[in-house]
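For reference, the structure discussed in these notes is given below.
Whatever order the structure lists ligands and atoms in, that order sets their numbers, starting from 1.
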Amino acid sequence: MPQQPIRGKRMRGVCGFFAFSDEGEGELMQPLFSGDKRTETLRVMADEIFDLLVIGGGITGAGIALDAQSRGLRTALVEMQDFAAGASSRSTKLVHGGLRYLKQLEVKMVAEVGKERAIVYENGPHVTTPEWMLLPFYKGGTFGKWSTSLGLRAYDFLAGVKRSERRKILSAEATLGKEPLLKRDGLNGGGYYVEYRTDDARLTIEVMKKAVEYGARAVNYAKVEELVYDGGRLAGVVVVDRLAKESYTIRALKIVNAAGPWVDALREKDRSKQGKTLHLTKGVHLVFDQKRFPLKQAIYFDTPDKRMVFAIPREGKAYVGTTDTNYRGDIAHPRMTLADRTYLLRAVNDMFPDLKLTEADVESSWTGLRPLIHQEGKDPSEISRKDEIFISASGLISMAGGKLTGYRKMAETVVNLVADMLVAEGHAPIAPSSTKHMPLSGGDVGGSAQLAPFVKTKTSIGRQRGIPQQEAEALVRRYGSNIDSVYGLVEKCLSAAGKYGIPVHVMASLVYSVEQEMTVKPVDFFIRRTGALFFNIAWVRQWKGPVTAYLADRYGWSQDQCVRFAAELESELQFALEPVEGE
Ligand SMILES: Cc1cc2nc3c(=O)[nH]c(=O)nc-3n(C[C@H](O)[C@H](O)[C@H](O)COP(=O)(O)OP(=O)(O)OC[C@H]3O[C@@H](n4cnc5c(N)ncnc54)[C@H](O)[C@@H]3O)c2cc1C
């Protein structure tokens, strides 16, 4: 069971929302995952010896923290940027089995990951949406009619797809009926099957929040700079708070390196980078407005160079991706190049020839790095997406490879290993994983089948509180069963909304993200908490000033911090639109 909300003394925060205090008995408090509590949490972390310390707050680390803490292991997690700021906010945002990997005979991986789709959906229906995918087949294309039919049938079987969501094979005419923008030349028909669309960063945040609800400690902008050893065994880490510039030593019996693209950097610190190593490949997505690219239907299609990419409608936009190229640059800041943009524009114009999209139509973009495990002689798109665990002589447990979709199972596997090690060293027996049927934070809507009525009821409550219909529905979909906490802030935020000149529902969402989701900087809110920099860039431009001013006042930033954090958002806005030179 999640730990009881902490009791303590009321402290009035900005907008009258209640912050935390450990002093004495008092009101029911919210769980500790507030931007205001970072320093306090780090101090507490430095005082305790944890069973498990997780390095990295992407989906892999968040999943491990939830699995471990919910099994009773005292767990801490540190993230050097914001949660999900690595690969986990920059994926294609699909919870999918990876149909194309069947062609590479990755049957076991497709079966495992495919089965996870339904579990992720059931536990987080507010962050996961079934999306019928159309795979058109053309003369000479990657998938022909028979291979599509066979591949999809195998996919249905391996992934245990429910009857209503099993594949259909469509005629050319029916395929065009689903998506009239498709190229007609050489079209033989289409495969029609279900995948799931998600918001990768919000999925990560909801998993993280659930772990914290169970009692895990987690802090962002806290970088592991050094590893600490006792007689050659890894015993802890030195973490630097990148905001306050203070350092802390955090000790744990076991340490998992879930640093995604940085896994090898930590293995190097541990002097254990040998054998298999990471292979980073870069993936870019472009975003278009539906007015310019009125995509009706998600499509998985061939590129002229025989790769496959997605075009996916979402929130009035259509996004297209991804590229897949070897990467050796700055890991923290992969950028879209001119060549990436040209490649994707060419691919989309080839499949949707009437559109004639140009660079001027690109509204936003994002670029991510896949932390894959190197396989000699393979092209980026051919490298396996399988996950693997490496254990060093000092005891550092590194988890690499894998997919967003498989995070829960990956977490279970690594925590099973940790549990076995702890028990062998004298720890009391540890419960098995219970995440398979555990709703994520916000996922308590009564199961996926109840999501639609839940959204309807809660949207009308939002309207009664004066929030416009469309905005209320978007908030319910974003926060799921946490919506009452956001609504609870609306009245309390009225005066702050007036002061900063921001609509009250935007203010409530911002305050919620600070007090319940550890938003610290403007980029956290506009990229990882709302996804707006990708899917509603005009909204970011509209509210960036007041949001930054609010955060500056709330956290008491220095002039230098104000300038730096505002500039960081400007830089992200710029790079979402402007490619850099290069391949
Ligand atoms: C373009 C692209 C498309 C993709 N599409 C899909 C898809 O549609 N579906 C799917 O299932 N998967 C997809 N993936 C794969 C998926 O995104 C990744 O497998 C997953 O996000 C990896 O998560 P992670 O937590 O391991 O890594 P990350 O999300 O990168 O997290 C690692 C974290 O560790 C932190 N860290 C590193 N070093 C330190 C340190 N010293 N101290 C503290 N913290 C540290 C980093 O800041 C980072 O946030 C895609 C990936 C890419 C790049």
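Leu286 has its side chain out of reach of Tyr319: every pair of non-hydrogen atoms, C-beta onward, lies at least 4.5 Å apart. Using a 4.5 Å cut-off on side-chain heavy atoms (C-beta onward), Thr249 and Val228 make contact. Considering only heavy atoms from C-beta on, Phe293 comes within 4.5 Å of Val320 through its side chain. Residues Tyr248 and Val237 are not in side-chain contact: their nearest non-hydrogen atoms beyond the backbone lie 4.5 Å or more apart. The side-chain heavy atoms of Met336 and Thr323, taken from C-beta on, include no pair separated by under 4.5 Å. Taking 4.5 Å as the limit, some side-chain heavy atom of Ile312 sits within range of a side-chain heavy atom of Arg197. Annotation: side chain of Thr75 is in contact with side chain of Val54 (closest heavy-atom distance under 4.5 Å). Between Leu372 and Thr281, the closest side-chain pair of non-hydrogen atoms falls below 4.5 Å.
Summary of contacts: the protein heavy atom closest to atom 49 (O) of ligand 1 is Glu79 OE1, 2.7 Å. Of the protein's non-hydrogen atoms, the one nearest atom 51 (C) of ligand 1 is Arg370 CG, 3.7 Å. From the protein, the heavy atom lying nearest to atom 19 (O) of ligand 1 is Gly402 O, 3.2 Å.
The side-chain tip of Arg267 points at the ring of Phe390 from less than 6.0 angstrom away and within 45° of straight on.
Taking every heavy atom of Thr405 and a limit of under 4.0 angstrom, the matching atoms of ligand 1 come to 9 (N), 10 (C), 11 (O). Of all atoms in ligand 1, numbered sequentially from 1 with element shown, those under 4.0 Å from a heavy atom of Ala258 are 32 (C), 34 (O). Per-residue contacts place Lys93 under 4.0 angstrom from the following atoms of ligand 1 (heavy atoms of the residue considered): 8 (O). For ligand 1, the atoms closer than 4.0 angstrom to any heavy atom of Ile55 are 40 (C), 42 (N), 43 (C). Residue Gly86 approaches ligand 1 through these ligand atoms, each under 4.0 Å from one of its heavy atoms: 29 (O), 30 (O), 49 (O). Short contacts between ligand 1 and Gly283, defined as distances under 4.0 Å to a heavy atom of the residue, involve ligand atoms 1 (C). The contact set between ligand 1 and Leu369, taken as ligand atoms under 4.0 Å from a residue heavy atom, comprises 53 (C).
Ligand 1 has no N or O atom lying under 3.5 Å from any N or O atom of Ala85, backbone or side chain. Checked by distance only, ligand 1 and Lys223 stay at 3.5 Å or farther apart across all their nitrogen or oxygen atoms. Looking at Ser88 next to ligand 1, an N or O pair under 3.5 Å apart turns up. When only interatomic distances are considered, the shortest N/O to N/O separation between Met80 and ligand 1 falls below 3.5 Å. Residue Pro261 has no nitrogen or oxygen atom sitting less than 3.5 Å from a nitrogen or oxygen atom of ligand 1, judged on distance alone. For the pair Leu404 and ligand 1, the shortest N or O to N or O distance falls below 3.5 Å. Ligand 1 has a nitrogen or oxygen under 3.5 angstrom from a nitrogen or oxygen of Gln81.
Annotation: Phe565 is not in aromatic contact with Tyr555 [ring centroid separation under 6.0 Å not met].
In Ala222, the part holding a heavy atom less than 4.0 Å from any atom of ligand 1 is the backbone. Neither the backbone nor the side chain of Ala332 has any atom closer than 4.0 Å to an atom of ligand 1 (non-hydrogen atoms only). Looking at Val239 against ligand 1, nothing comes within 4.0 Å, counting heavy atoms. The proximity of His96 to ligand 1, defined as any non-hydrogen pair under 4.0 Å, is limited to the side chain. Looking at Met399 against ligand 1, nothing comes within 4.0 Å, counting heavy atoms.
Residue Leu94 holds the heavy atom nearest to atom 8 (O) of ligand 1 of all those in Leu94, Asn220, Thr322. Considering Ser91, Gly368, Pro371, Gly58 only, the shortest heavy-atom separation from atom 14 (N) of ligand 1 involves Ser91. The residue from Gly321, Ala87, Gly260 that puts a heavy atom closest to atom 30 (O) of ligand 1 is Ala87. Between atom 24 (P) of ligand 1 and the options Val224, Val78, Thr92, Thr60, the minimum heavy-atom separation is to Thr60. When Ala259, Gly57, Gly401, Pro334 are checked for heavy-atom proximity to atom 32 (C) of ligand 1, Ala259 turns out nearest.
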| request: Quick one: do Glu226 and Lys269 satisfy salt bridge (Lys or Arg N to Asp or Glu O under 4.0 Å)? Show the steps, please. | output: CA-CA 7 Å; Glu226 277 175 50; Lys269 271 192 204 300; over 6 Å; no
| field | Working for side-chain hydrogen bond (donor to acceptor under 3.5 Å, both in side chains), residues Ser91 and Asp200 | value | CA-CA 7 Å; Ser91 75; Asp200 45 8; 2.8 Å; yes
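Side-chain atoms of Thr405 come within 3.5 Å of backbone N or O of His96 as a donor-acceptor pair. Ser392 places a side-chain N or O within 3.5 Å of a backbone atom of Ser394 that can act as its donor or acceptor partner.
Residue pairs meeting the salt bridge (charged side-chain N to carboxylate O under 4.0 Å, His left out) criterion with at least one partner in residues 57-68, sequence neighbours excluded, are Asp67-Arg71. Residue pairs meeting the salt bridge (charged side-chain N to carboxylate O under 4.0 Å, His left out) criterion with at least one partner in residues 47-62, sequence neighbours excluded, are Glu48-Arg74, Asp51-Arg74.
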